[in-house]
Protein chains: 2
Amino acid sequence: MQILRMKIRPLTQQRRLLLDTIREVGRHLDAKELYRRANEKDERISLATVYRNLRLFRDQGIIEERHLRRGCCCYEMKRSGEHQHLVCLSCGRVIEFKSPLIHKLVTEVQRKNRFLVARVDLCMEGYCHECKEERK
Amino acid sequence: MQILRMKIRPLTQQRRLLLDTIREVGRHLDAKELYRRANEKDERISLATVYRNLRLFRDQGIIEERHLRRGCCCYEMKRSGEHQHLVCLSCGRVIEFKSPLIHKLVTEVQRKNRFLVARVDLCMEGYCHECKEERK
DNA sequence: ATAGGTGCAAATGGTTTGCGAAAAC
DNA sequence: GTTTTCGCAAACCATTTGCACCTAT
C-alpha cells in the first residue's frame, strides 16, 4: 500500500479516503457507489473529486477499470493475478474467475495477429448456479 | 436476410434502411455513425429511431452489442461464428479474431463455476502490428 | 381501422470541466 | 509562496421518453 501511495502526490485527504474505501470494499465499485460510501465517512467529498481521482488512479495503474454493466464503468484495486468476470443476468452478482487458458489465448493472439496485448477485458454474461436452478 | 426480417414487424422503411445499412457497412457501428450513414440515404430518419431500433434488433437477436469503446456501444450483424475483438490503442482499428480456446474457456467456466454462459464479451486492447513498429 | 412506429424536443444519467476558494508541498 | 486539488454548478454526451402525427398491416 505504501508503494502505491507514493505515486499519488499530493496525497490529499480525499485521495486517502477514496483509496481506503476502494481497498476496504474489495469488490467492484462504480463511481456513484464509491461516492456514496466515501461520503458516509466524510460528507465534504464531492462526486467530481471521485471521478477525477478514479481517472488518476487508473492512469497511475493503481486501479483497474472494467465494463461490467451497460452505461457505466466499475473499478477495483489492481492485483497481481489476472482475473476476469462473470455477470449474472438475473441477480446481477459478479463472480471472478481465473484460467490458464486466458494466458494461452493472449499468447496465441499476439503470435497469430502480430498484436501486442496490453489489457484483457473478458466478461461473460449468463446465469449463476442459484438463478439457474430457480429458472427450472 | 428474409428470415431475419420476418422477426421485425411492422417492417417500416426506416427499419429496412437501418438493416440494409448495418449489413452493408459490415463492421462495427455505433448509433451516431449508423445515424450518419442512414441519414445520407434518407434525410427523414431521426436519431431516436436509430436508438429504438438498435434496441429492438438486439432484443430480437439480429445484431450483437459490443463494448469496444468507453462510453458507447457498437453493433454488428450477428453471424454464425463466434468471434472477439482486438482494439488498437494507437490507431483505433478494430481487428476480429477467433480461437478454439474461447470455446474451451466457456466450457471450463461452466463446469468449474456452475455458471450458464449466455454471452462472451472479450476485448483485448493493445497495439496492432503497424503501430507497434512505429513506436520503436 | 387500428396497433404500433416515427420525428421532434425535452428529459435523463453518467461523466467532465471552469472557476474561485482551500490545501499540499 | 507556489502549484495543484477541491467543491460547486453548469456543461457535455450518449441514450431514453412523452406526445402528436403517420404508416404498415
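Chain letters run A, B, ... following the sequence lines, proteins first and then strands; every chain starts at 1. Because the structure is a prediction, the values reported are computed rather than measured.
Asp59(A) places its CG atom 12 Å from the P atom of dT5(D), with the value rounded to the nearest Å. One interatomic measurement links the two molecules: CD of Glu65(B) to C1' of dA14(D), which rounds to 13 Å at whole-angstrom precision. Distance Leu17(A) CG to dC6(D) C1': 13 Å, rounded to the nearest Å. Regarding Arg69(B), its CZ atom lies at a distance of 10 Å from the P atom of dT15(D), rounded to whole Å. Straight-line distance from the CD atom of Gln13(A) to the C1' atom of dT5(D): 12 Å, rounded to whole Å.
With hydrogens and angles disregarded, no donor-acceptor distance shorter than 3.5 Å links the side chain of Glu64(A) to the backbone of Met77(A). Counting only distance, with no hydrogens or angles, the side chain of Asn39(A) and the backbone of Tyr35(A) share no donor-acceptor pair below 3.5 Å. Looking only at distances, no side-chain donor or acceptor of Thr49(A) sits under 3.5 Å from a matching main-chain atom of Ile45(A).
Near DNA chain D, meaning a heavy atom under 4.0 Å from it, residues 38-53 of chain A has Arg44(A), Ile45(A), Ser46(A), Ala48(A), Thr49(A), Arg52(A), Asn53(A) in order of number.
When only modelled atom types and interatomic distance are considered, Ser99(A) and Glu108(B) share a side-chain donor-acceptor pair under 3.5 Å.
Remark on DNA chain D: of its neighbouring residues Cys72(B) and Thr12(B), the 5'-side contact belongs to Cys72(B), judged by nearest-heavy-atom nucleotide. For the pair Tyr75(B) and Pro10(B), nearest-nucleotide mapping onto DNA chain D gives the more 5' position to Tyr75(B).
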Next on the checklist: One pair to check against salt bridge (Lys or Arg N to Asp or Glu O under 4.0 Å): Glu82(A) and Arg79(A). What are the steps and the verdict?
Outcome noted: CA-CA 7 Å; Glu82(A) 181 181 66; Arg79(A) 281 165 284 169; over 6 Å; no

Checklist entry - Would Asp121(B) and Leu122(A) satisfy side chain to side chain contact (heavy atoms under 4.5 Å, CB included), going step by step from the backbone distance to the final call? => result CA-CA 6 Å; Asp121(B) 201 352; Leu122(A) 168 57; over 6 Å; no

Item to check | salt bridge (Lys or Arg N to Asp or Glu O under 4.0 Å) between Arg27(B) and Glu96(B), intermediate numbers included | outcome: CA-CA 10 Å; Arg27(B) 54 185 193 74; Glu96(B) 295 185 359; over 6 Å; no

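Here the range on DNA chain C touched by chain A, meaning any atom under 4.0 Å from one of its heavy atoms, is dG14(C) to dC25(C).
Among the candidates Arg66(B), Arg69(B), Arg37(B), the single residue satisfying the salt bridge (charged side-chain N to carboxylate O under 4.0 Å, His left out) test with Asp30(B) is Arg69(B).
By the ring-ring contact (aromatic ring centres under 6.0 Å, His included) test, His67(A) pairs with no residue at all, sequence neighbours left out. Listed by chain and number, the residues in a side-chain hydrogen bond (donor to acceptor under 3.5 Å, both in side chains) with Glu125(B) are Arg119(A) (sequence neighbours excluded).
Comparing the start and finish of the helix from dA1(C)-dT25(D) to dC25(C)-dG1(D), five pairs each, the helix axis swings through 40°, to the nearest 10 degrees.
Within the structure, the salt bridge (charged side-chain N to carboxylate O under 4.0 Å, His left out) test picks out the following pairs touching residues 45-58 of chain B (sequence neighbours left out): Arg58(B)-Glu65(B).
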